Amino acid sequence: MNQTHLCNTTKIYVVNGQLPGPTIDITDGDTVVVDVVNHLPHGLTIHWHGVRQMRSCWSDGAGFVTECPIPPGGNRVYRFNVTGQVGTLWWHAHVTCLRATVAGAFIIRPKGGRYPFPTPAKDVPIIIGEWWQLDLIELDRRMNSGNFDDNPVAATINGKLGDLGNCSGKSEESFVLDVVRGKTYLLRILNTALFSEYYFKVAGHTFTVVGADGNYLTPYKTDMVTVAPGEAIDVLMAADAPPAHYHMVALANQPPEPDTQIPAYVSRGLVRYAGSDKNNNGLPVAMPLMPDQHNTMPSFYFHNNLTGLAHPNRSRVPMHVDERLFFTLGLGSICRGNATSCKRRRSPQSIVVATMNNVSFRHPTNASLLERYYEHRTSGLYTEDLPDHPPRPYNYTDRDLIPLGPLEEALEPTIKATKLRRFRYNTSVEIIFQSTALLQSDSNPMHLHGYDFFVLAMGLGNYDPKTDPEKFNYHNPQLRNTVEVPRTGWAAVRFVTDNPGMWYLHCHYEFHIIMGMATAFIVENGPTPETSLPPPPPEFKTCGANGFTQP
């Protein structure tokens, strides 16, 4: 459908005519059945972001990883059970850049409605996104050809650009949250943006963080929430201010290097108290004081201060480790076409790619990794030799690697390949994600499908395997599906491979996905039918020769 913002009419892709898309609202233990009918002129899949999908990998919805896209005019039924998760997750398109608008909240309520905190008067999804005037399919085409110069024109809160944007003097519409003084509200804050992490504040109010990614957290008080792409943060907000109007603000957080000219993407909404004057008694609406858009430290402190809530049903951190992986996250370059050598340094002969251990993931375009793995037809599609560590150690966070020069030139060359990693069932895996300064200085929100992992620690600079394990939190670490690896810093996570299948691991910045900062983990079957991936369900549709699901 068409929407007009900032004096421009843009064609957008939506679900059931809604932006954001419809909220799925269930209870822990429910089985979910969703019938997706594709009326778009482009193939798509729907991913249920953060749902564990225990023994239901076939319904994960990762394009070309667990299934081929639903063709234009086609349909697909997703069926899966959700047990042992409570809180906020979300769903989104998982082919091309369509998730900028094809997305919505996925709420899981506790059995009996009992929370480990006072029951809120109301819960409200706060979905932070971006507004693109460029057609999203064209955006994807440009990025796949190596053009990463396009940017959104604004930020959104629940699809609204907010009154900071205007066209011919007329302000854009703002999202309004009506509250009653003395009541407490549960804000379910999601970041569906393609490009940026966001800071979120409400003037005159504080938050108590109580959950993230479908898991409870130890209550943590703050006046600002930081939410990276892919993350879901649950906060309680007490309406305890004098009755009036208060601005809520979502501000994009961008690193200072290499481009300080990126504009500030910001959206402004309104918290409006019942009984307050329609015109706020003629007074200016209070604005929260926001950090500088290039100050990334508040993000590090916010994420590092969160801990998991201890409760009887919470799984324990595995104390032994069977497999240790050290993944460096950065940029590199490959020669265009089939050339074996070329002039690099972002020349027309090369293309910049994103990497894990100097491997840029080549996404399949006409086959499903899971389907071919299950059928034992993997020859020529992928290999299982993703490196456990980078080709050589170096000072990963040396800022001299950000600009083009001789230091980065020696480290820049990489390979483009579909390299996966296989694990036996019930393996304890530890991953150290190390963000590097190689041609970039971004943070990296790393998301693993099919699993929650314990975030044991995070830090700035290079990870030190001798001293940093002393900082690991084994008592009450966060349990997350997405970890925000700090800019030129590291994060340590640990999990047990108890869910067989083919599970996608990737950075949740869309440009990093397209550039190849991704892989997939194969988890083998366990010893019993209950620990094995069952055959595809009747509603699963196999891939055709054209790369779409077959009718």
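What's counted below: heavy atoms across the whole structure, side chains too, no hydrogens, waters or symmetry copies. Fair warning: this is a prediction, and the values are worked out from it, not measured in the lab.
The ring-ring contact (aromatic ring centres under 6.0 Å, His included) test applied to Phe548 returns no partner, not counting sequence neighbours. With sequence neighbours excluded, the residues forming a side chain to side chain contact (heavy atoms under 4.5 Å, CB included) with Val95 are His42, Thr45, Pro69, listed by chain and number. By the side chain to side chain donor-acceptor pair (under 3.5 Å) test, Tyr220 pairs with Asn305, sequence neighbours left out. For Thr328, the side chain to side chain donor-acceptor pair (under 3.5 Å) test picks out Asn357, with sequence neighbours left out. Residues satisfying the ring-ring contact (aromatic ring centres under 6.0 Å, His included) criterion with Tyr504, sequence neighbours excluded, are His94, His363, His449, His506. Under the disulfide (SG to SG under 2.5 Å) criterion, Cys68 pairs with Cys543, sequence neighbours left out. Shown here are the side chain to side chain contact (heavy atoms under 4.5 Å, CB included) partners of Arg141, two or more places apart in sequence or in another chain: Glu138.
For the pair Asn444 and Ser435, the tightest heavy-atom approach, listed with the atom from each and the gap, is ND2-OG, 2.8 Å. Ala252 and Ser196 get closest at one heavy-atom pair: CB-CB, 3.7 Å. Thr488 and Ala437 get closest at one heavy-atom pair: CG2-CB, 4.1 Å. Between Leu89 and Gly214 the shortest heavy-atom distance is CD2-N, 3.7 Å. Closest of all the heavy-atom pairs between Arg424 and Thr497 is O-OG1, 2.8 Å. Annotation for Arg480 and Ile233: closest pair NH2-CD1, 3.9 Å, computed over non-hydrogen atoms.
The line from CG of Asn151 to CG of Leu194 is 11.0 Å long, rounded to the nearest 0.5 Å. Taken to the nearest 0.5 Å, the CH2 atom of Trp90 stands 13.0 Å off from the CD1 atom of Ile24. Between Thr378 atom OG1 and Glu384 atom CD the span is 6.5 Å, to the nearest 0.5 Å. Taken to the nearest 0.5 Å, the CZ atom of Phe327 stands 4.5 Å off from the CG atom of Leu386. The CD atom of Gln434 sits 8.0 Å away from atom CG of Leu329, with the distance rounded to the nearest 0.5 Å. The line from CE of Met502 to CG of Leu370 is 6.0 Å long, rounded to the nearest 0.5 Å.
Relative ring orientation between Tyr509 and His512 is described as perpendicular, the plane-to-plane angle rising above 60° on a 0-90° scale split at 30° and 60°. Using cut-offs of 30° and 60° on the angle between ring planes, the pair Trp503 and Tyr451 is perpendicular. The aromatic rings of His447 and His49 sit parallel, their planes meeting at an angle under 30°, below the 60° perpendicular limit.
Side chain to side chain, Asp30 and Asn81 fail the donor-acceptor criterion of an N or O pair below 3.5 Å. Defined by atom type and a distance below 3.5 Å, a donor-acceptor pair is present between the side-chain atoms of Thr218 and Thr307. Of the N and O atoms on the side chains of Glu231 and Thr482, not one donor lies less than 3.5 Å from an acceptor on the other residue. Donor-acceptor pairing under 3.5 Å is lacking for the side chains of Arg487 and Ser443. If you check the side chains of Ser299 and Thr296, you find no donor sitting under 3.5 Å from an acceptor. No side-chain donor-acceptor contact under 3.5 Å links Asp322 and Thr427.
Judged as a salt bridge (charged side-chain N to carboxylate O under 4.0 Å, His left out), the pairs with a partner in residues 463-477 (not counting sequence neighbours) are, in order, Asp468-Lys471. Sequence neighbours left out, the pairs with a member in residues 92-101 that pass salt bridge (charged side-chain N to carboxylate O under 4.0 Å, His left out) are Arg99-Glu510. Screening residues 52-62 for salt bridge (charged side-chain N to carboxylate O under 4.0 Å, His left out), with sequence neighbours left out, gives Arg52-Asp498. Residue pairs satisfying the salt bridge (charged side-chain N to carboxylate O under 4.0 Å, His left out) criterion with at least one member in residues 359-375, sequence neighbours excluded, are listed as follows: Glu375-Arg377.
The ring-ring contact (aromatic ring centres under 6.0 Å, His included) test with Trp58 is passed by exactly one of Trp48, Tyr374, Phe80: Tyr374. A side chain to side chain contact (heavy atoms under 4.5 Å, CB included) with Phe495 is found for exactly one of Val317, Asp452, Leu448, Leu479, namely Leu448.
When atom types are taken as modelled, the side chain of Asn253 and the backbone of Glu197 share no donor-acceptor pair closer than 3.5 angstrom. No donor-acceptor pair closer than 3.5 Å links the side chain of Arg494 to the backbone N or O of Phe453. Using modelled atom types, no side-chain atom of Asp234 and backbone atom of Gly87 make a donor-acceptor pair closer than 3.5 Å. Between the side chain of Thr101 and the backbone N or O of Tyr13 there is at least one donor-acceptor pair closer than 3.5 Å.
Checked against the 6.0 Å centroid threshold, Phe326 and Tyr396 count as a close aromatic pair.
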In residues 513-526, what donor-acceptor pairs under 3.5 Å come from side-chain atoms, sequence neighbours left out?
from   : atom 1 : to     : atom 2 : distance (Å)
Thr519 : OG1    : Lys419 : O      : 2.8
Glu524 : OE2    : Arg422 : NH1    : 3.1
Asn525 : OD1    : Leu533 : N      : 2.8

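One finds a salt bridge joining Asp388 and Arg421 here, because a Lys/Arg side-chain nitrogen approaches an Asp/Glu carboxylate oxygen to under 4.0 Å.
No more than 12 heavy atoms of other residues, nucleotides or ligands shown are found within 6.0 angstrom of OH on Tyr301.
Contact check for Asp28 versus Thr83: side-chain heavy atoms found under the 4.5 Å cut-off.
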